[in-house]
Amino acid sequence: MLKRTNMCGSLRASHVGQTVILAGWINTYRDQGRGLIFTDLRDREGLCQVVFDLEQAAEKMVTLAKTLRREYVIAVKGTVRIRAGGSNPKLATGEIEIVAEELELLNAAEPPPILPDEAERTNEETRLKYRYIDLRRPRMQQILETRSRVTKFARDYFGGHKFLEIETPLLIKTTPEGARDFIVPARLHPGKWYALPQSPQLFKQILMVAGCDRYLQICKCMRDEDPRADRQAEFTQIDLEMSFIEREDVMSMMSGFVKGLWQELFTYDVGTIARITYADSMERFGIDRPDMRYGLETRDISAIAAKTDFAVFKDALALVKTGPDGTAATGKRGVVKAIRVPTPNEKITRKILDSYSEFAKTFKAGGVPYTKLGANGFETGVAKFCEPIRAELIAALGLEVGDIVLFAADHYDIATKTLGELRQKVARDLQIIPEGEWNFVWVVDFPMFDWDGEGKRWVALHHPFTSPNPDQFDVFASDPGACLSAGYDLVLNGSEIAGGSIRIHNMNVQETVFKLIGLTEADAKMKFGFLLDALRHGAPPHGGIAFGLDRLVMHIVGTDNIRDVIAFPKTQSGIDLMTDAPGPVDPEQLVETHVRSTVPDTATSSTTR
RNA sequence: GGGGUGGUAGCUCAAUUGGUUAGAGUACCGGCUUGUCACGCCGGUGGUUGCGGGUUCGAUUCCCGUCCGCCUCGCCA
C-alpha cells in the first residue's frame, strides 16, 4: 500500500517540486476526455486537486483513473506543481495540484445516498442514517475538531490548577427528585435496578469528602426527558468540584477557564464577566438566563395598571397563588408587566403584533394586549384603557412617540415567563440581536426553594445539595421562601452554559433541606444515607459547577442544533437512526434480567420506517 | 401527553378544483470531450407518492388511523 506522506489540505505552493503520497476520498471527478482527468481528493484537512495526464503517466494508470467515482478511497503518488490552468481561489490548496504518477484504488464505494458536498441542504433524517458520510463534510470535521480542542483545553487548564480527572460509575442508584432516570435491570439481583447518572453530583461531593480536593470529569449524563433543539437525553458535561473554597473562588476559577478558552479559540478577550441577581434577571428579563445583548427590558407596572378599568389587568391583579400557609399573604399575586418596543424600523407589523397573542398562549397566557404611543396619545389596541395612565406609563417605561407597548397580565409566573420569551421573539423580529458578540453573565442569588402549590411542598430550585448563602442560614429554616442559595449559573448570549453551587457540607443542614422538600427521615436515610454518612465523617466545605459541553460547543461553532455537535446523536424520539436503537432484545436476555414487558405484542402493527 | 409542521426518484424539489403515461435538477449508467474546478455536450435507467384503511368512475391531492423527521408546551432537581 502506498503510505501517505502529506495531508491533502496541507499542501501549498511551498511544496512545489516535492513528490508526495496522498490518501483520501474522491470528492469530485472531472473527466476531460481521453487522457486528462481531474479529481479533488479529500481528507480531514481539506481538498487537493489530483490530475491524471496521459502525457505524464502510463496509460494503464489513466485507464484505472477512468473507473474512479465519487467517494472511492484511493492513495496516489505524484509531484506537486503549480496549476497549469490557473489557480482556484476557492480552495486553500488552489494554487497547486498533484500530477499523479502512481494510483492505488484502496476501496471502491457504492454510489453514496448523500454527497458530502450537498449534505448541508439534505434532510437531517438521511444525514443521521448515513452519519459516516455526513461526518465527512468539512463543516462536521471542523466541529468535531473544535469540540476536541475544547475538551483538551479544559484538561490542560484544570490540570494546571491541580484538578484530578476521576471517573465515577455509570451504574448507580436511582435518585428521587430531578429528571426521570434511565434504568438498567440488575441480573444478579432479581427485581432490582441500576440507574444511569443524570450527573455525577453526589459522587463528586463524596470525592471531596475523600480528600481529592479538586475533581474534573468530562462525562456523559443521561436524563430520560424529551429532547429539544438544544437538549438531548444523553449529553456531556465538563464536571468540576473544589474543596475549601467559597462561591467567589469557584466563579473566578471558572471565569478564568472561559477567558482562556476564548483566548485560545478566538484570540478574544472576554473581559470581566458581569453579574446579575436572579431577582433582577427575572424582573428585567423575565428569565433566569438573560440575553443582555439588546434592550427591550420588562417592567412590572402592576401599581399603575391597577388604576385602569381594563378587565384583563384587573382580573390578573386579583389572581393569587397561595403560599405555604395557604394564604395569599405568603403567595404570589398576579402582575401586569410591559415591554417598551421602540420601532425605528417597520419590522413589527400589525400582523406580527397579533401573532404575539398566539405565541403567548403557548405559555398559558391569555394574550398580549398592546398599544402604540402617537403624537396625541395612545392610538391602537387597548389605547382607551391606557389613556388615563398615560403620563405614568410614559414615565415608567420611558416611552417616546412611535413606541409600541406590549403587556402581559397574569399569574406572576406566567406573565413573567410570557414576557421573557416574547422579549426574545421581538428581538428576533426586529433583528436587533448583534451578531458576533459574546455576552457572558453570572447569575447569582437564586432562591433556595420554590413553593409547589399542588404538591404542597418546597422544591429545590437548583438541587437539594445546594447550600444557602453564608448570610442566609438563619432565615433558611424559618422562612424558606426568602432564603437565597449559593448557586451560580454562567449564561452566554441568553443560554445557560454552566451551573453549580456551593454544597451543603453539614449533615444537619442537609437533613433540614430534605425535610423541607418533603423527604421523611426514613426516606432520606434510604435514598441518601450514604451522603449523610459521608457528611458526618469530615466533609470539607466544597462546591463546584458543570459546563454543558454540547451547548458550549454549539455557541463556539455557531449552530442552534445540538445534533450538529454530537458525532452520533439521537432524534427527538430518542432513536439512533444509524443503528436503529432502541431495539428489541432476545427473550433470553429478558429472562436473565428478570424482566417482563407489559407492552402487548405489537408484531402485527405496521411499523415500517 | 398536548400543539404546529413535514414525508413524492439515491438526494433536492414540482405536480392547477380530485383527472390521461407523476415531472425537473442532481446523482447513477452509456457515449463524446486534453486545463477542468458545481466542467461541458448527447442519450438512458430510476417511483409501493412513509405505511394501512376509507370516500370516489378515478386519490400524490379529500377523510380516518398509524409510523417517522423537525419545532414547541409540559418535562428537563
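These numbers come from the heavy atoms of this one structure, side chains and all, not from hydrogens, waters or symmetry mates. Please read all numbers here as calculations on a predicted model, not as lab measurements. All chains are named by letter (A, B, ...) in the order of the sequence lines, taking the proteins before the strands, and each is independently numbered beginning at 1.
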Asker: With sequence neighbours left out, write down each residue that passes ring pair (Phe, Tyr, Trp, His ring centres under 6.0 Å) with A:Y278, or none if nothing qualifies.
Answerer: A:F446
Asker: Side chains of residues 46-55 of chain A: which donor-acceptor pairs under 3.5 Å do they make with residues two or more places apart or in other chains?
Answerer:
from  : atom 1 : to    : atom 2 : distance (Å)
A:Q49 : OE1    : A:R30 : NH2    : 3.0
A:Q49 : NE2    : A:E97 : OE1    : 3.0
A:D53 : OD1    : A:E55 : N      : 3.0

Asker: For A:Q201, answer base if it contacts any base atom (sugar-phosphate contacts may also be present), sugar-phosphate if it contacts only those atoms, and nothing otherwise; contact means non-hydrogen atoms under 4.0 Å.
Answerer: base
Asker: Can you tell me the Watson-Crick or wobble partner of B:rU5, both distances under 3.5 angstrom?
Answerer: B:rG69
Asker: Can you label the angle between the A:W458 ring and the A:W451 ring as parallel, tilted or perpendicular, going by 30° and 60°?
Answerer: perpendicular
Asker: In whole Å, measure the gap between the P atoms of B:rC57 and B:rC42 for me.
Answerer: 46 Å
Asker: Looking across every strand, which nucleic acid part, if any, lies under 4.0 Å from A:K417 by heavy atom: base, sugar-phosphate, or nothing?
Answerer: sugar-phosphate
Asker: Between B:rG31 and B:rU60, how far apart are the C1' atoms? Round to whole Å, please.
Answerer: 36 Å
Asker: Polar-atom pairs under 3.5 Å, protein N or O versus N or O of nucleotides 4-9 of chain B: list them with distances, or write none.
Answerer:
none

Asker: Between A:T362 and B:rU72, is there a side-chain N or O to OP1/OP2 distance below 4.0 Å?
Answerer: no
Asker: Using a heavy-atom cut-off of 4.0 Å across all strands, would you classify A:S199 as base, sugar-phosphate, or nothing?
Answerer: base
Asker: Taking only the C1' atom of each, what is the distance from B:rU34 to B:rC39 in whole angstrom?
Answerer: 13 Å
Asker: In whole Å, measure the gap between the P atoms of B:rA9 and B:rG50 for me.
Answerer: 8 Å
Asker: At under 4.0 Å between heavy atoms, what does A:L461 touch on the DNA or RNA strands: base, sugar-phosphate, or nothing?
Answerer: sugar-phosphate
Asker: I need the full list of side-chain hydrogen bond (donor to acceptor under 3.5 Å, both in side chains) pairs touching residues 218-240 of chain A, with sequence neighbours left out, sorted by first then second residue.
Answerer: A:R147-A:T236, A:R180-A:E225, A:K204-A:D239, A:Y215-A:D239, A:K220-A:E234, A:E234-A:K570
Asker: How far does the C1' atom of B:rU12 sit from the matching atom of B:rG6, given to the nearest Å?
Answerer: 15 Å
Asker: Output all residues satisfying ring pair (Phe, Tyr, Trp, His ring centres under 6.0 Å) with A:H505, sequence neighbours left out; order by chain, then residue number.
Answerer: none
Asker: My understanding is that only residues two or more places apart in sequence, or in another chain, count here; which of them pass ring pair (Phe, Tyr, Trp, His ring centres under 6.0 Å) with A:F359?
Answerer: A:F363
Asker: Within this structure, what is the CG-to-P distance between A:D489 and B:rC76, rounded to whole angstrom?
Answerer: 16 Å
Asker: What's A:T175 touching, base or sugar-phosphate or nothing? Going by heavy atoms closer than 4.0 Å.
Answerer: nothing
Asker: I'd like to know if A:R228 reaches the base of B:rG74 with its side chain, counting only an N/O donor and acceptor under 3.5 Å.
Answerer: yes
Asker: Roughly how many Å apart are B:rU56 and B:rU61, using the C1' atom of each and rounding to a whole number?
Answerer: 13 Å
Asker: How far, in whole Å, is B:rC13 from B:rU36 if one measures between their C1' atoms?
Answerer: 29 Å
Asker: Just to confirm, is there a sub-4.0 Å distance from OP1 or OP2 of B:rC71 to any side-chain nitrogen or oxygen of A:R563?
Answerer: yes
Asker: For A:R44, does the CZ atom have more than 12 heavy-atom neighbours from other residues, nucleotides or ligands under 6.0 Å away?
Answerer: no
Asker: Salt-bridge test for A:E496 and A:R551: reply yes if a basic N is under 4.0 Å from a carboxylate O, no otherwise.
Answerer: no
Asker: Can you figure out which of B:rC70, B:rU72, B:rU12 approaches the side chain of A:T122 most closely?
Answerer: B:rU12
Asker: Would you kindly give the CZ-to-P distance between A:F363 and B:rG3, to the nearest whole Å?
Answerer: 17 Å
Asker: Can you find an N or O donor on one side and an acceptor on the other, under 3.5 Å apart, linking the side chain of A:R223 with the base of B:rC76?
Answerer: no
Asker: Run the ring pair (Phe, Tyr, Trp, His ring centres under 6.0 Å) test against A:F285 and tell me which residues pass, sequence neighbours left out.
Answerer: none
Asker: Walk along nucleotides 28-41 of chain B from 5' to 3' and tag each nucleotide B, S or - by protein heavy-atom contact under 4.0 Å, base first, then sugar-phosphate.
Answerer: SSS--BBBBBSB--
Asker: OP1 or OP2 of B:rG2 less than 4.0 angstrom from a side-chain nitrogen or oxygen of A:K364, does that happen here?
Answerer: no
Asker: Can you tell me, in whole Å, how much space there is between the C1' of B:rG23 and that of B:rC62?
Answerer: 23 Å
Asker: Using both distances under 3.5 Å as the test, list the Watson-Crick or G-U wobble partner of B:rA38, or none.
Answerer: none
Asker: Who are the side-chain contact (heavy atoms from CB on, under 4.5 Å) partners of A:V184, not counting sequence neighbours?
Answerer: A:L171, A:Y194, A:L196
